[in-house]
Amino acid sequence: MSENNLPRHIAIIMDGNGRWAKSHGLTRIRGHIRGVESVREITTACAEKHLEQLTLYAFSKDNWSRPKYEVAILMRLLRRYLVRERPTIVDNNIRFTVIGQIEGLPKNIQKEISVNIEESKSNTGMILCLALNYGGRAEIVDAARRIAADVAEGRVSVGDIDEDVFKHHLYTADMSDPDLLIRTGGDMRVSNFLLWEISYSELWVTPVCWPDFRKENLEEAIKDYGKRERRYGGLIE
Ligand code: FPP
């Protein structure tokens, strides 16, 4: 496969932690714990491949509706991940960032996020973006609000609002759109993830649950992507 066929930006819906745990006779929490190991392995593999960006759907706005206990454990795992992975992120020249309504997360998580962003801000390698308290529709509504405020304050005129202006008011304003969207766990849906940004992304769904998703599975997805013909609604000569 030529370098040109490598995706620059991969986004992943990490699903199936609960089902993986159930199939092994374990609690859902065990599935999330092993899911963090997959996050670690896939992040390192993507950085080694010199991907421009990896975006992971780590906690959606809808995840708050899970039992209190599970939400509390997910927050604890997230905090521990942010602290423990800090040296690996920095040593691998990875720039850490987040998208989502970060102000809605617990204060201790917000603090660790800020430290990771600050300590990795001069890194020049892959961008690792965690989607946290994220919803695709909320992102679009937030963008509309910001544009409305710009119009109200005279910074933008209504006639100037186009796709480019809109894009620059999204959480992902300074990021490229994902080339490849991977979903683990086998469900064929996008679950309110990056609704604007995945308009032209190639989709790859695997029945493999996230806790079992390893480098070989990533390779398979990238290989499949390499065979795709991206037409963006046009024709290939
Ligand atoms: C879906 O599995 C997974 C999530 C709720 C988000 C992913 C979370 C992790 C990988 C662990 C924490 C992440 C970080 C970055 C520390 P599910 O519970 O919906 O699985 P199911 O569909 O089988 O029930």
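All residue numbers refer to positions in the sequence shown, counting from 1. When a ligand or atom number is given, it counts from 1 through the structure's own listing order.
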Just to confirm my output: which protein heavy-atom neighbour is closest to [atom], and how far is it?
{"atom": "atom 11 (C) of ligand 1", "result": "His32 O, 3.8 Å"}
{"atom": "atom 3 (C) of ligand 1", "result": "Met14 O, 3.1 Å"}
{"atom": "atom 2 (O) of ligand 1", "result": "Asn17 N, 3.3 Å"}
{"atom": "atom 24 (O) of ligand 1", "result": "Arg28 NH1, 3.1 Å"}
{"atom": "atom 23 (O) of ligand 1", "result": "Arg19 N, 2.7 Å"}
{"atom": "atom 19 (O) of ligand 1", "result": "Arg66 NH2, 2.7 Å"}

Judged on heavy-atom distance to atom 14 (C) of ligand 1, which of Asp62, Ile12, Ile29, Val36 sits nearest? Val36
Proximal candidate to atom 7 (C) of ligand 1 [heavy atom criterion; set Ala21, Ala58, Gly16, Gly31]: Ala58
Taking the basic N atoms (NZ, or NE/NH1/NH2) and the acidic carboxylate oxygens, is any pair closer than 4.0 Å for [X] and [Y]?
{"X": "Asp142", "Y": "Arg145", "value": "yes"}
{"X": "Lys121", "Y": "Glu118", "value": "yes"}
{"X": "Lys49", "Y": "Glu219", "value": "yes"}
{"X": "Arg155", "Y": "Glu153", "value": "yes"}

Residues Glu37, Arg40; criterion salt bridge (charged side-chain N to carboxylate O under 4.0 Å, His left out); working and verdict: CA-CA 5 Å; Glu37 285 172 32; Arg40 203 169 286 139; 5.7 Å; no
Between [X] and ligand 1, is there a nitrogen or oxygen pair with a distance under 3.5 Å?
{"X": "Tyr81", "answer": "no"}
{"X": "Trp20", "answer": "no"}
{"X": "Asn63", "answer": "no"}
{"X": "Gly18", "answer": "yes"}
{"X": "Trp210", "answer": "no"}

Do Ser201 and Asp177 have side-chain N/O donor and acceptor atoms under 3.5 Å apart? no
Is there a donor-acceptor contact under 3.5 Å linking the side chains of Ser157 and Asp160? yes
Heavy-atom distance under 4.5 Å between the side chains of Glu139 and Ile99, does that happen here? no
Would one find more than 12 heavy atoms of other residues, nucleotides or ligands at under 6.0 Å from atom CZ of Arg228? yes
With a 4.0 Å cut-off on heavy atoms, is Lys22 touching ligand 1? no
Take Gln110 and Ile102 through the test side-chain contact (heavy atoms from CB on, under 4.5 Å) and record every step on the way to the result. CA-CA 7 Å; Gln110 291 187 42; Ile102 303 307; 4.2 Å; yes
Quick one: look at Arg80 and ligand 1, take heavy-atom pairs under 4.0 Å, and tell me if it's side chain, backbone, both or neither. neither
